[in-house]
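First up is the structure itself, then whatever we jot down about it.
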Amino acid sequence: MLEIRRSNERGFADHGWLKSFHTFSFADYFDPQHIEFGPLRVINEDRVQPGQGFGTHAHRDMEIISYVLEGALAHKDSLGTGSTIRPGDVQRMSAGKGVRHSEFNGSDTEAVHFLQIWIQPNEQGIEPSYEQKFFSPEEKRGRLRLIASPNAADGSVLIHQDARVYAGLLNGAETATLNVAEDRRLYVHVARGKVTANGVVLNAGDALQLTETRQLELKDGHGAEALVFDLPL
């Protein structure tokens, strides 16, 4: 079974300094048909203007992944962590029993374009923690590179949930496949470009939900960057 979620069906908020598309219900956007997909709770596509950002705010019991597409995102948190996230970086923050942080555009001249992803953890009240790793374009070219997992496999960042996140870059004749276990489901999100997933043409911002599917095939990419979430049923 598959369900297509087109980019223009998402929620949208324009705050001037921030333009944000919401794949799932978030803030003032509520769609009872799109609240979550398994433990995948949020995919927000954000564009933040130069010198602007999110002031200090709190999170609890959530695995938060930031994935920058363009520009630079500066991060500070109550754990004493401060860093700048750029394209290729994957930042994971486990909010656990509570953490406060801020996120700002690290440039005075260039907008930052990034995805913020929330995955609900399978443990509550853990100690908050932070991790950031770089994955080069070569690691993602023509394949699905594991970037987040419950056991930090293949150098991926560690998340506290039985979920795996892959990133791939596809263009021209490049193809990528992923086998799917019987007790799993997939969510494919196209961050940019265009790609065909199991016969469905997806453009930037589009997504595909797959259940009862044993294999994912991505092909016919046109400058495509895609994220694939392997999730429990």
Minimum heavy-atom distance between [X] and [Y], given as atom pair plus value:
X	Y	answer
A72	N105	O-OD1, 3.5 Å
R6	V200	NH2-CG1, 4.4 Å
L69	A191	CD2-CB, 3.9 Å
L216	A197	CD1-CB, 4.2 Å
F24	I35	CB-O, 3.5 Å
I65	A148	CD1-CB, 4.0 Å

[atom1]/[X] to [atom2]/[Y] distance, rounded to the nearest 0.5 angstrom?
X	Y	atom1	atom2	value
S66	Q116	OG	CD	4.5 Å
L170	D220	CG	CG	9.5 Å
H160	I119	NE2	CD1	12.5 Å
D154	Y166	CG	OH	8.5 Å
Q52	S107	CD	OG	12.0 Å
R86	L73	CZ	CG	10.5 Å

message = Can you tell me how the ring of F54 sits relative to the ring of F114, calling it parallel under 30°, perpendicular over 60° and tilted otherwise?
response = perpendicular
inquiry  = Using 30° and 60° as the class boundaries, would you call the ring planes of H59 and H57 parallel, tilted or perpendicular?
reply    = perpendicular
Does any donor atom in the side chain of [X] or [Y] lie under 3.5 Å from an acceptor atom in the other side chain?
X	Y	result
S20	D46	yes
S83	Y130	yes
N179	Q215	yes
Q120	W118	no

ask   = Out of D230, L218, L227, which one pairs with L144 under the side-chain contact (heavy atoms from CB on, under 4.5 Å) rule?
value = L218
key: Positive for salt bridge (charged side-chain N to carboxylate O under 4.0 Å, His left out) with E225, one of R141, R192, R145   = R192
task = May I ask you to say whether R185 pairs ionically with D183, meaning some side-chain N is under 4.0 Å from a carboxylate O?
result = no
message = Between D162 and R184, does any side-chain N to carboxylate O distance fall below 4.0 Å?
response = yes
Applying a strict under-4.5 Å side-chain criterion to I, L, V, M, F, W and Y, I'd like to know whether [X] and [Y] cluster together.
X	Y	answer
L115	V188	no
L202	L186	yes
V68	V190	no
L158	V165	no
F229	F37	yes

Close side-chain approach of [X] and [Y], heavy atoms under 4.5 Å:
X	Y	result
V112	I85	no
E3	H34	yes
R60	Q124	no
N198	L210	yes
L2	I4	yes
T109	P50	no
R92	S129	yes
T23	L40	no

ask   = Can E45 and H113 be said to form a side-chain contact (heavy atoms from CB on, under 4.5 Å), step by step?
value = CA-CA 7 Å; E45 180 184 358; H113 179 199; 2.8 Å; yes
Indicate yes or no for a side-chain donor-acceptor contact from [X] to the backbone of [Y] under 3.5 Å, with no hydrogens or angles considered.
X	Y	value
D14	K19	no
T196	G199	no
E212	M1	no
S25	D31	yes

ask   = Run the side-chain contact (heavy atoms from CB on, under 4.5 Å) check on M62 and M93 step by step: do they pass?
value = CA-CA 8 Å; M62 195 65 70; M93 185 174 71; over 6 Å; no
key: D28, CG: over 12 other non-hydrogen atoms inside 6.0 angstrom   = no
inquiry  = Is it the case that atom NZ in K219 sees more than 12 heavy atoms from other parts of the structure closer than 6.0 Å?
reply    = no
inquiry  = Assess the residue pair Q91 and D89 against the criterion (side-chain contact (heavy atoms from CB on, under 4.5 Å)); give the C-alpha distance rounded to whole Å, side-chain angles, the decisive distance to 0.1 Å, and a yes or no.
reply    = CA-CA 6 Å; Q91 180 202 76; D89 290 330; over 6 Å; no
query = Between R5 and Y187, does a side-chain contact (heavy atoms from CB on, under 4.5 Å) hold up when you go through it step by step?
reply = CA-CA 10 Å; R5 175 83 156 137; Y187 195 92; 4.1 Å; yes
